[in-house]
Each structure stands twice: as C-alpha cells, then as structure tokens.
Amino acid sequence: MNTDDPKRRRGFGRLTSGAKRFLHRTTSVRVRKLLRWFGSALVLSYLSYLVLINVALNTGLVARIVNAAQQDMVLSVESGWSAWPLHLHLRNVRLRFEDANVQFSLHAARVETDIDVLAAADKTFHAYRVRAEGGSFWFRHKLDDIEGNARRVAAFPVIAGYDPVPLRVPWTPPDTATEDLWVIRLDDVQAETLELWMMEFRFLGAARVSGSFELAPRRHLWIEDAQITFERGKLDLGEVEVIAQEFTGQIRAEFEERNPDDFTMDQNLGWTNWGLDVKASLDNARFLAAYLGPDVALSGGPGPLRVSVQTLGERIVDGSRVRYSTKTLSVRSGSLQGRVAGSLAFDVKAGSPHIALSVSRARLGSSDEPRAVMVRELSVRAVLAHAELDRTLQLQSLRAQVATARTTKGGLALPGGFRLDGGIAKGQFAGRTNAQGRLAGKVSAALLRTTLRHGAHVVDGIGKVSAGFVTSSDWLAGGRLTDVRAELTDVATRSGEDKNADWWLGVKSPAIDYEALPPRAFHGKLTLSARDARPLIAALEEEGELPAIVGFLWTADHLRGEGEVRSTPHSLDLLVTRVDSDSLGGKGRYLKRGERERAVFLVKAGPIGVGFELGERGLSASPLSSNTWFEARTRAVFGAESDEHGKSTSADLKKTDAAAAIALRGKGATR
C-alpha cells in the first residue's frame, strides 16, 4: 500500500484509530469484568474470613484444634475478633504447660498480634508483633522432695489442673507423637503484666515483659533478648508474706536452644545468661527464714536492698554486687535469740566472690535471758574460691573479729552447767582452705573481768586462749588444735566457803584432736601449771569425775603436771605421766566408763611414796609404795588398756601432724 498519498494516509489513520477504539472497548469490558470478579472474590473472601475467624475465635475452635493435637499444653481463648486478615484481637487468653521439670500458667486479658498462617502447615503457631495487656505468669519448678523446702513450697502458686505440690515423679509424656505436637513461637513480644509469680516470689504491680520465645514440647525451648522491667510494685513471698512494698528493677535472660526435659534448677545455669539489677526497700527479712531451716525464725530487718548481678553461662561476672543493711533484725532458733544491726556486702572481684558481714551491735541470749551478751563491732570476711554457680561453693579464706562482747547483769548459760555472769571478751579468727578442702588457721580470744560459775564454784579473773587449727574436709566433723595455750591470771576462786585469791592457771598442748562441733570427743597431751590444784579438784569432785581423796593430795603451791586425756560422751581417761609441786610429786591414771571407775595413783614426798587404788571394792591405800608397785597395780587394774592408751593416742596424734603442718604453712592452699 502506498502511504505517501495523503488521501490514502488519512484513510489508514481512520482504520487504525477505529481498531484501537474497538480493542479498547473490548479490553475495558474484560478488565472491568475481571476486576469486578476479582473484587467480588476479595470481598467474599474477606467476608468469609471475617465470619470464619470470628466464629473460630469466639467458639473456641482454635483452642480445640491446638489442644486436640497434644496434652502437654492447654490453650483457651474466651473471645476475639479480627477486622484485618492475619491481625487478631484476643480476650482472656490462657495457656497451661507441663513437662518433666516445670509447670506454668500464662494469662493475658487482651492480646493484639499478627499471625503466620503458613506456619500452621508445619504445626506451628507463629505470632509476631505480639502486644499484651493485663497479664499474669505463674511458674513452678518441680522438686525431688519437700524436705527442707516446706516453707518455700507453701509459697508456690497453685496452678489449676496440677497437684498442689509440684514433685518430680517418673513422668510419662501424654500418648502423642512428638512430631504431632504444636510449636508455639512468639516474636517481638511486648506485654504489660500485673502479676509475675516465679516459684515462691510474687510480684504485683506494673511490669513490662519483652523478647522472643519458642517452645516445642519435648524438643526444645529457646528464649532470646528476654527482659522483665519492674516499674513499680510489691514483692511478696507467696500470697501472705510481704517482702517489699517498693520493688523496681530489671531482669535480663537468654536461653540457648535446649530440650525442656533437660531443664533442671541445678543444670540449666550452664546454658543461660542472665542479669539481675533490682532495688527494694525491704519491709522485713522474715522471708529469709524459708532458706534457713524449720527451727529458725526471723523478724524485723527493714532496710535497703540493692542487687546487681550478671552471669555469663555458669560464671558470675566481675563487678556483680549485693548490698543490704538493717538496724533491727531479730533471729530466733530454739531457745536462742538475738537482735542485730549491721550490713552485708557481696562483690565479685578477679573471679572470686568476696563476702563482708559487719555488725555494729548485736544482742544475744535466750528466751529467759534475752540480753545476756552485747556485741560491738563484729566483722566477718570470706572469700570463695570461684564464682561458678554450677559448682559446690568452696571457701578460700575466712576472717572474723569481735571488738568487744560484754555479758550483762543477767549472765549467760553455757554448755556443761557453766554460767558466765560478767566480763568483756575480744576475739579473732583467721582461716584458709587447702587443696584438700581443710580449713586451717588461728584463733585467739581474751576475757577481761570475767566471772564464771559452775555450781558452787566461782572464778573471777583475766583469761587468754589461742590455738592453731586444721579441720577435716567436713569442717563440722572434727579436726585438730595445735599449739594450744590457755592462761588465767589474777584469779579469785570460791568453792563454797573455801576462798582462794591470786590464783593462776596455765595449760599448753602441742595438739588436741576433736570430733564434731561442739566437741563430742577429744584427746591430746597437756602440760599444766597452777598455783595449786584445789579449784580444779573441787570442781571435778563435785561432778564425780575424780575420787574424793585426790582433793587432799595436790594442795601444795606451784603445781606442775604433764599428762594425756581422752574424753568421749561415755568415758574419761586421764593419764598423769608426771606431777609435782614444791613438796609433792607423783603419777597415776584414772578411767571412768559409764558408772565404773578405776584409778591408780602414786604420791611421793621425797623418797617416801603412798599408793592409792580405786576399784570394785572402793578406795584403798598402800603405804611405802614405789614405782614397781605402781607399774604392777596399773597392769593389774587396767590390763591391756595400760599399754594401749599411750600407743593409740600417740599414733592418732602423729597421724595428722603432717597434714596440720602443711595446712598451717599454707602449702597447697587455694590461691
């Protein structure tokens, strides 16, 4: 076609424009139809979605679908609505979960969230941008038993559907295949809560929770960037005991992905990082009694508490610290009671926790004598060997010092029938552990203007005592005292009508082995010097520990003696290897087991000796006795015990000499 002709060009233009108009009309009709169809489908889908989702949310269909697939977890939704696809508004959402180790219950009054419907194909309920209000979270960890935890368990939340006491028993998971269990994943959670009840601690007030979480029952638990901010509120022990009316702060935590069935209180710290930074003004410290045994009661103790602790795995990070102080903390255990004003500090430095307890004043006594002793300026400082939470706490060093302890007019009853009626005491204690876990160090005390009573016997004077020590690995099981020195000076004694002024006494021992604390049994070698033995003998006679005749033998001045003593709850074995004074000398042995008493003594005044024997027929005397008589009667009265006494005691004492020396020199000590 020749398009150069103008007429022809005009004709072709009319033809193409007509074709365009035809095509436009045809296309517009199809597009409009398609758009109308697509719009109708969208509207129908939207209306269908509105109907289906709102029916599902308000009839509990969603919860039934989730619950039908498993029994580990129970979900309920009271009501809800959605005006935009995949964006939900829920009311009164409740979730309850249990596995072999934990139980928890979660409630939120209002929840707004977006959901990932495609994740449902993998049996995953995935919600993101979760916003919740008016929530509560109750958590309990299962225990092997309640022994020693009765007070704590009484403060745990009671979760409907579970036993009141959460005991860890052989747990059989519900009969549902693991792969059929739904996974709960929540991303970008921000929740405003009213109640957080974790084990025995219950917070009521305004708090915010944020983070991301995923729980796959029997497979894994994962928590990232979890944070709880306590804006304002009250902290209680359970529902009854108020800990602090004002509690603020923050908790941060991360949990690596782990199987929740492996989550235990003593094993989880190795795979969690958490930080705690809280402040509180404690109303009282009564809640601490839940961790101190059934016989301990606390009252009072208001004061500021600040805790700032950060962990990395199982290790407490340097810079972590705790501060607490109070002016009125009362403690009661059995018949004993006390009232304390002081402070506690905990700091982690160079990987070692440092603990410092400072008491400005304390009042100690019993229910009958509530103010028997007044203590001023008591300080205790301890350093632990490591700051790892998954290891048993090991003490590295311990120091204690009492500036003064004064008995009041009422006095203080002591074990063994003794009573302290007056005096001022000062004391120091320093110890360090070695590689075997033994605690070794030194202890010393001084008594000034002291009045000590025992029955009809009264001792007034000044006393000093000092000793080195090394314990067994179990510190309370026993140990050894070394280089023991005890001294009484300027003493006035009274035994009934018998008075003795300017009396003095000194006792030394290279080593004394003891069992248990307070000592249940002990034995060791002793060296004694005294003005005379009358006060000692009078006290022992009253207790029936020595035959009465002995009281007349050691009345001379400047008494000196050496011997060995072994004492148990049912026996006393006293071996006097040498005793002498300005006018008398001698040796002997006294043994009491149960009600049976035996004794052999040889008393000499110059070359003349008199023997005394206590046996089944009572006390008998043998004039003009010699060492030969003494040895013969000792073998006859004590038999094989005569030879074994010295050997066994000497062997027992030598057995720990090396360990004691090493510990006291600090060799092998934990640095």
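Within a 6.0 Å sphere centred on CZ of R323, heavy atoms belonging to other residues, nucleotides or ligands number more than 12. In the displayed structure, R91 atom CZ is contacted under 6.0 Å by more than 12 heavy atoms of other residues, nucleotides or ligands. Counting non-hydrogen atoms of neighbouring residues, nucleotides and ligands closer than 6.0 angstrom, the CD atom of E246 reaches no more than 12 such neighbours.
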Next on the checklist: I'd like to know whether R381 forms a side chain to side chain contact (heavy atoms under 4.5 Å, CB included) with H354, so could you lay out the CA-CA distance, the side-chain angles of the two residues, the decisive distance to 0.1 Å, and finally the verdict.
Outcome noted: CA-CA 7 Å; R381 296 183 178 276; H354 294 243; over 6 Å; no
Next on the checklist: Working note: E200 + R152, criterion salt bridge (charged side-chain N to carboxylate O under 4.0 Å, His left out); need CA distance, chi angles, decisive distance, verdict.
Outcome noted: CA-CA 6 Å; E200 62 267 35; R152 294 183 58 213; 2.8 Å; yes
Checklist entry - Going through the checks in order, is the ring pair (Phe, Tyr, Trp, His ring centres under 6.0 Å) test met by F201 and F247? => result CA-CA 12 Å; F201 295 105; F247 184 83; 9.0 Å; no
Item to check | Candidate pair L143 and D145, rule side chain to side chain contact (heavy atoms under 4.5 Å, CB included), full reasoning | outcome: CA-CA 5 Å; L143 304 174; D145 56 63; over 6 Å; no
Next on the checklist: With side chain to side chain contact (heavy atoms under 4.5 Å, CB included) as the criterion, how do I355 and L384 come out once you've worked through the C-alpha distance, each side chain's angles and the decisive distance to 0.1 Å?
Outcome noted: CA-CA 8 Å; I355 302 171; L384 304 183; 4.3 Å; yes
Next on the checklist: Please evaluate residues F97 and I184 with respect to the criterion side chain to side chain contact (heavy atoms under 4.5 Å, CB included), reporting the C-alpha separation (whole Å), side-chain torsions for both, the decisive distance (0.1 Å), and the verdict.
Outcome noted: CA-CA 11 Å; F97 174 80; I184 303 295; over 6 Å; no
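Heavy-atom minimum distance, W138 versus V158: CZ3-O, 3.3 Å. The minimum heavy-atom distance between L329 and A285, with the atom names listed, is CD1-CB, 3.9 Å. P164 approaches R140 most closely through the heavy-atom pair O-NH1, 3.1 Å. When every heavy atom of K142 is checked against every heavy atom of L167, the shortest pair comes out as CD-O, 3.9 Å. In terms of heavy atoms, L364 sits closest to G338 at CD2-CA, 4.1 Å. Taking each heavy atom of V317 and T311 in turn, the nearest pair found is CG2-C, 4.0 Å.
The distance from atom CG of L106 to atom CG of L75, rounded to the nearest 0.5 Å, is 10.0 Å. Between atom CG of residue N149 and atom CZ of residue F156 there is a gap of 7.0 Å, rounded to the nearest 0.5 Å. To the nearest 0.5 Å, the span separating CD1 on I159 from CZ on F139 amounts to 9.0 Å. Distance check, rounded to the nearest 0.5 Å: OG1 of T471 to CD of Q436 gives 11.0 Å. The CD atom of E112 sits 11.5 Å away from atom CD of Q190, with the distance rounded to the nearest 0.5 Å. In this structure, OG in S76 is found 9.0 Å from CZ in R96, a value given to the nearest 0.5 Å.
Within the 4.5 Å cutoff, the side chain of L312 has no heavy atoms near those of the W274 side chain. With a 4.5 Å cut-off on side-chain heavy atoms, P304 and S325 count as touching. Side-chain contact between E214 and V183: present, with at least one pair of heavy atoms (C-beta onward) separated by less than 4.5 Å. With a 4.5 Å cut-off on side-chain heavy atoms, L292 and L298 count as touching. Between L357 and S379, the closest side-chain pair of non-hydrogen atoms is not below 4.5 Å. Under the 4.5 Å side-chain criterion, counting only non-hydrogen atoms from C-beta, V130 is not in contact with D188. The closest side-chain heavy-atom distance from M199 to H141 is below 4.5 Å. Annotation: side chain of P302 is not in contact with side chain of L282 (no heavy-atom distance under 4.5 Å).
Donor-acceptor pairing under 3.5 Å is recorded for the side chains of H87 and D114. Looking at Q310 and R252, their side chains do bring a donor and an acceptor atom within 3.5 Å of each other. Residues R339 and S330 bring a donor and an acceptor atom of their side chains to less than 3.5 Å of each other. For the residue pair N92 / H107, a side-chain donor-acceptor distance below 3.5 Å is found, with atom types taken as modelled.
The existence of a salt bridge linking D122 and R185 is excluded, since no basic side-chain nitrogen approaches an acidic carboxylate oxygen closer than 4.0 Å.
D236 places no side-chain N or O within 3.5 Å of a backbone atom of E239 that could act as its donor or acceptor partner. Checking side-chain atoms of S82 against main-chain N and O of W84 turns up a donor-acceptor pair under 3.5 Å. A donor-acceptor pair under 3.5 Å links the side-chain atoms of S472 to the main chain of D474, judged by distance alone. Panel note: side chain N434, backbone G437; a donor-acceptor pair is recorded below 3.5 Å.
A side chain to side chain donor-acceptor pair (under 3.5 Å) with R208 holds for exactly one of E192, Q227, E231; it is E231.
Listed by first and then second residue, the salt bridge (Lys or Arg N to Asp or Glu O under 4.0 Å) pairs involving residues 276-292 are E241-R286, D277-R306 (not counting sequence neighbours).
Residues meeting the side chain to side chain donor-acceptor pair (under 3.5 Å) test with D225, sequence neighbours left out: none. Every residue two or more places apart in sequence or in another chain was checked for a side chain to side chain donor-acceptor pair (under 3.5 Å) with S281, and none qualifies.
If you look at F137 and F203, their ring centroids are not closer than 6.0 Å.
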